[in-house]
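All remarks here apply to the structure that follows.
What you see is a predicted model; the values in this text were computed from it and never measured. Throughout, protein chains are lettered first and strands after them, A, B, ... in sequence-line order, and every chain is numbered starting at 1.
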Amino acid sequence: MGIKGLTKLIADNAHGAVKEQKFENYFGRKIAIDASMSIYQFLIVVGRSGSELLTNDAGEVTSHLQGMFNRTIRVLEAGLKPVYVFDGQPPDLKKRELAKRFARREDAAEDLVTAKETGNEADVEKYSKKTVKVTKQHNEDCRKLLRLMGVPVVEAPSEAEAECASLCKAEKVFAVASEDMDSLTYGSTRFLRHLMEPTSRKLPVLEFDIAKVLEGLGLNMDQFVDLCILCGCDYCDTIRGIGPQTALKMIRQHGSLEIVLENLNKDRYQVPDPWPYQEARRLFKEPLVTPPEKVPEFKWTAPDTEGLRQLLVEENGFNNDRVMKAIEKLKVAKNKASQGRLESFFGVSSSSSNKRKEAPDSEASAGKQVKTAAAVKPAKAASKKGPAKGGKKK
DNA sequence: ATTCTGACTCAAGACGGG
DNA sequence: CCATCTTGAGTCAGAAT
DNA sequence: CCGGTCC
């Protein structure tokens, strides 16, 4: 579940590390996205009524396809270049955490049975959400769908978040989009939250700049990783009595987990018996990922019309007209996106952007990007609600 | 008065028509 | 050996320091 | 912008 309390800690202590951005600002950017997390959300919410989801004639769930298809079209229409990253084998250290989640799901499954028997609609709704799991089949379906849509897919050897961060560090992508704060712990240089929310919830995209996070917290990257472990992560239990506040205080004071432990009042604080912080640290700093030089260059190709029709219409009962219209959108989006990011801003082409083989959009990303961010600022101030819309959700 | 815990809750997509 | 995997935010209680 | 529908 990410890093406990890290959002608040950064908000309180590292002002300026987070910028509010607009979705449209990422035109032309390559963005790494954790696929499993998206699929999970689709299974929770798309087409659900009671404990039912969208299904094909064979009774197989299709909510994930519906969700992934539409969202990806949306993303491509906005000119973003998504790279979907799928999970591989979880590290051993995560097994205990996974077992916990498994148990929680089983409990929910029991409650669900009861709720169905007693006919309690609200409870059926509640518990069925908690029993959702992303299966291998869902992942396969989505990989197939994305490939047919011409969107690159990465299969991570282990944690998708770690792979995303690695791609970002190597500048294979501009940023990582996730809701999971441990993207930062893995070292994503640029990290986006709520990238998909603005359509549904009108939240601004939050862009975290890790360099500024470190600056604000007064830590180096190694210390930041230690801070995250001390706050609580998927790999280690927390030390009772130590939360985000004291964790930050202690790391600032002592500089590393080793020294913190040396100076820790063992009567006051009890360190969990196996507390594999060194192993956890290793997983954050040197996770199992594809070596960046072995990552093939990402390509966004034209959609395979017949393949999509076969998969969605023939095999899964999607409405033919809808699918065809959607494919048209894809084609249009592809043409629009094939122009560079700079052209979309200035209306002219920049010849310099073709020099490097891999850098058409990472060169603009480096330092100058700050200027465009500054240009956006007034817009943010102006967007301060108020006018015609009213804003009340009734 | 501050800080952490733990148990709890809630909501989560996207499109198109009126 | 098989199949596996979500997450955050907010709040409110009570306990420890 | 709200409400039903998507499969």
Does [N] have a Watson-Crick or wobble mate here (both distances under 3.5 Å), and if so which one?
N      : value
B:dC10 : C:dG8
C:dA13 : none
C:dC1  : none

Which is it for A:Y277 and A:Y235 under the ring-ring contact (aromatic ring centres under 6.0 Å, His included) test, yes or no, and what are the steps along the way?
CA-CA 8 Å; A:Y277 71 94; A:Y235 303 137; over 10 Å; no
Do A:R193 and A:E207 meet the salt-bridge criterion of a basic N to acidic O distance under 4.0 Å?
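No.
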Can you find a donor-acceptor N/O pair under 3.5 angstrom joining the side chain of A:Q66 to the base of D:dC6?
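When only heavy-atom distances are counted, A:Q66 does reach the base of D:dC6 through a donor-acceptor pair under 3.5 Å.
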Measure the distance from [atom1] on [X] to [atom2] on [N] and round it to the nearest whole Å.
X      : N      : atom1 : atom2 : answer
A:E140 : C:dA3  : CD    : C1'   : 13 Å
A:N319 : D:dC7  : CG    : P     : 6 Å
A:R322 : D:dG4  : CZ    : C1'   : 11 Å
A:Y40  : B:dG13 : OH    : P     : 13 Å
A:R193 : C:dG8  : CZ    : C1'   : 7 Å
A:M196 : B:dC15 : CE    : P     : 12 Å
A:K129 : C:dT7  : NZ    : C1'   : 13 Å
A:D180 : C:dT6  : CG    : P     : 12 Å

Is the distance from OP1 or OP2 of [N] to the nearest side-chain N or O of [X] less than 4.0 Å?
X      : N      : value
A:R74  : B:dA14 : no
A:T246 : B:dC4  : yes
A:R48  : B:dG13 : no
A:T238 : B:dC4  : no

Taking atom [atom1] in both [N] and [M], what distance in whole Å separates the two?
N      : M      : atom1 : answer
C:dC5  : B:dC10 : P     : 25 Å
B:dT5  : C:dG10 : C1'   : 15 Å
B:dC8  : C:dG14 : C1'   : 14 Å
D:dC2  : B:dA12 : P     : 14 Å
B:dT3  : C:dA13 : C1'   : 14 Å
C:dC2  : B:dG13 : P     : 37 Å
B:dC15 : C:dG8  : P     : 25 Å
C:dA15 : B:dA7  : P     : 14 Å

When all nucleic acid strands are considered with a 4.0 Å heavy-atom cut-off, which category describes [X]: base, sugar-phosphate, or nothing?
X      : value
A:I242 : sugar-phosphate
A:G67  : nothing
A:G88  : base
A:I44  : base
A:T7   : sugar-phosphate
A:I239 : sugar-phosphate

The test is side chain to side chain contact (heavy atoms under 4.5 Å, CB included); show your working for A:S158 and A:E163 and say whether it passes.
CA-CA 8 Å; A:S158 186; A:E163 183 84 2; over 6 Å; no
Here's a test of your reading of the structure: between A:Y269 and A:V134, which maps to the more 5' nucleotide of DNA chain C?
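Whichever sits nearer the 5' end wins; that is A:V134.
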Taking the nucleotide of DNA chain C with the nearest heavy atom to each, does A:N139 or A:R268 sit closer to the 5' end?
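Residue closer to the 5' terminus by nearest nucleotide: A:N139.
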Residue [X], side-chain heavy atoms: nucleotide from [options] that is nearest:
X      : options              : answer
A:K136 : B:dA12, C:dA9, C:dT4 : C:dT4
A:N70  : B:dA14, D:dC6, C:dC5 : B:dA14
A:F318 : B:dG13, D:dC7, C:dT4 : D:dC7
A:E179 : C:dG8, B:dA12, B:dC4 : C:dG8
A:M37  : D:dC6, C:dT4, C:dT7  : C:dT7
A:Q89  : B:dT3, B:dA12, C:dT4 : C:dT4
A:T55  : D:dC7, B:dT3, C:dA9  : D:dC7

Assess A:R143 against A:F86: is NZ or CZ under 6.0 Å from the centre of the six-membered ring, and within 45 degrees of the ring's axis?
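Yes.
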When you measure from the centre of the six-membered ring of A:F208, is the NZ or CZ of A:R190 under 6.0 Å away and within 45° of the axis?
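Pair A:R190/A:F208 does not count as cation-pi.
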Tell me whether the count of non-hydrogen atoms from other residues, nucleotides or ligands lying under 6.0 Å of NZ in A:K95 goes above 12.
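Atom NZ in A:K95 is crowded, with more than 12 foreign heavy atoms closer than 6.0 Å.
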Does a donor on one side chain and an acceptor on the other come within less than 3.5 Å for A:T305 and A:K331?
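Yes - a donor-acceptor pair under 3.5 Å links their side chains.
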To the nearest 0.5 Å, what is the distance between CG (A:L184) and CZ (A:F224)?
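A:L184 CG to A:F224 CZ: 5.0 Å, rounded to 0.5 Å.
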